[in-house]
Protein chains: 2
Amino acid sequence: MADPDDLLHQVADTFKLMSDASRLAILKLCLEGPASVGHIAETLDLSPSLVSHHLRLLRAARLVRSERRGRHVFYDAEDHHIRCIVADMLEHVAEEAGIDLERSAA
Amino acid sequence: MADPDDLLHQVADTFKLMSDASRLAILKLCLEGPASVGHIAETLDLSPSLVSHHLRLLRAARLVRSERRGRHVFYDAEDHHIRCIVADMLEHVAEEAGIDLERSAA
DNA sequence: GCGACATATGAACAACTATTCAACTATACG
DNA sequence: CGTATAGTTGAATAGTTGTTCATATGTCGC
């Protein structure tokens, strides 16, 4: 991803994990409690392969943790900051809702 | 960027703005108070052109606001959620890296 | 052992994005 | 007016990334 020594890069890289709609949806689902790969794939209408790919990245950044139970592997959100971050960003976006993206100079 | 109707996509897109190290650094600088394009470029060692490109995106998502004063254009962070989001993410990354935030400049 | 199910993984490709460069607009001062 | 400073913008490009497909690994029941 990037320079592992640089804190700013690590922060940016972690934001990058939340910058994809599919991955963000997966993360949100894991915030609601442990969910298997298959369940996530079915719920979000994504291929199991894709979900697995995304979960691997999320786990690498410790945003989710995995636990195998039988044939299934359950993932749930690990860090307590994440919920706040997602909630804050939702509020931010909601506040500016209904605004055109292209605006000209001040 | 993406489907403007979908709130989740908007959230993801806003995270994407913070997922680039240069842009995140610019945003952090703007959180400390109004800064001109030239000042930002010099401080972060980036080309004015690049800074301007990034600021345009940040302004489109209302993460910063611009105000012209003479020949300079000053930008500062607009939304009150953003500071919390960046701070929370710093804590998250610091936790899993075992870094003491008090000692490394945030 | 075998077969079915659940997840993981690697390669390949299309789509996207950060950065640079050059040209452009805007403001101030003589 | 012309010149200098400050910032913007569009095109081109090199690098990155999400997704798919095929294949592999792991687990349970027979």
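Since this is a predicted model, take the numbers as computed values, not measurements. Every chain is numbered from 1 and lettered A, B, ... according to where its sequence line falls, protein lines coming before strand lines.
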Whole-Å distance, L46(B) CG to dC21(C) C1', equals 16 Å
Please encode protein proximity along nucleotides 22-30 of chain D as a string of B, S and -, counting only heavy-atom distances under 4.0 Å. B---SBB--
According to ring-ring contact (aromatic ring centres under 6.0 Å, His included), does anything in residues 10-35 of chain A pair up with another residue at least two apart or in another chain? List the pairs. F15(A)-F15(B)
Would you say the side chain of H53(B) and the base of dG10(D) hold a donor-acceptor pair, judged only by whether the two atoms sit under 3.5 Å apart? yes
Of all the heavy-atom pairs spanning K16(B) and S19(B), show the shortest one and how long it is. O-OG, 2.7 Å
Considering only residues two or more places apart or on different chains, which pairs with a residue in residues 58-91 of chain A satisfy ring-ring contact (aromatic ring centres under 6.0 Å, His included)? none
Going by the rule side chain to side chain contact (heavy atoms under 4.5 Å, CB included), which residues pair with R65(B) if we only count those two or more places apart in sequence or in a different chain? D76(B), E78(B)
How long is the line joining NE2 of H54(A) and C1' of dA8(C), in whole Å? 14 Å
What is the distance from CG of D13(A) to P of dA18(C), rounded to the nearest Å? 13 Å
dT7(C) phosphate, OP1 or OP2: any side-chain N/O from H72(A) under 4.0 angstrom? yes
Euclidean distance, atom CG of residue L57(B) to atom C1' of dG10(D) [Å, nearest integer]: 14 Å
L50(A) CG to dT7(C) C1': how many Å, rounded? 13 Å
Non-neighbouring partners of L90(A) that pass side chain to side chain contact (heavy atoms under 4.5 Å, CB included), sequence neighbours left out: V86(A), L7(B), V11(B)
Can you check the H9(A) NE2 to dT16(D) C1' distance for me, whole Å? 14 Å
Minimum heavy-atom distance R83(B)-L31(B), with the two atoms named: NH1-O, 3.3 Å
Strictly below 4.0 Å: does Y75(A) bring a side-chain N or O up to OP1 or OP2 of dA8(C)? yes
Between C1' on dT19(C) and CZ on R56(B), what's the gap in Å once rounded to a whole number? 15 Å
Applying a 4.0 Å non-hydrogen cut-off, can you work out what F74(B) is touching in the nucleic acid: base, sugar-phosphate, or nothing? nothing
Among dT9(C), dT20(C), dG18(D), the one nearest any side-chain atom of D20(A) is dG18(D)
Which of these nucleotides, dT19(C), dG18(D), dT8(D), is closest to any side-chain atom of R23(A)? dG18(D)
Is there a side-chain contact between S22(A) and the phosphate of dT19(D), meaning an N or O under 4.0 Å from OP1 or OP2? yes
Of all the choices, dT17(C), dT7(C), dT19(C), which nucleotide is nearest to the side chain of V73(A) once you look at every atom? dT7(C)
Would you mind listing every side chain to side chain donor-acceptor pair (under 3.5 Å) that reaches into residues 46-60 of chain A, with sequence neighbours excluded? R59(A)-S66(A)
Over how many whole Å does the gap from L24(A) atom CG to dG18(D) atom P extend? 12 Å
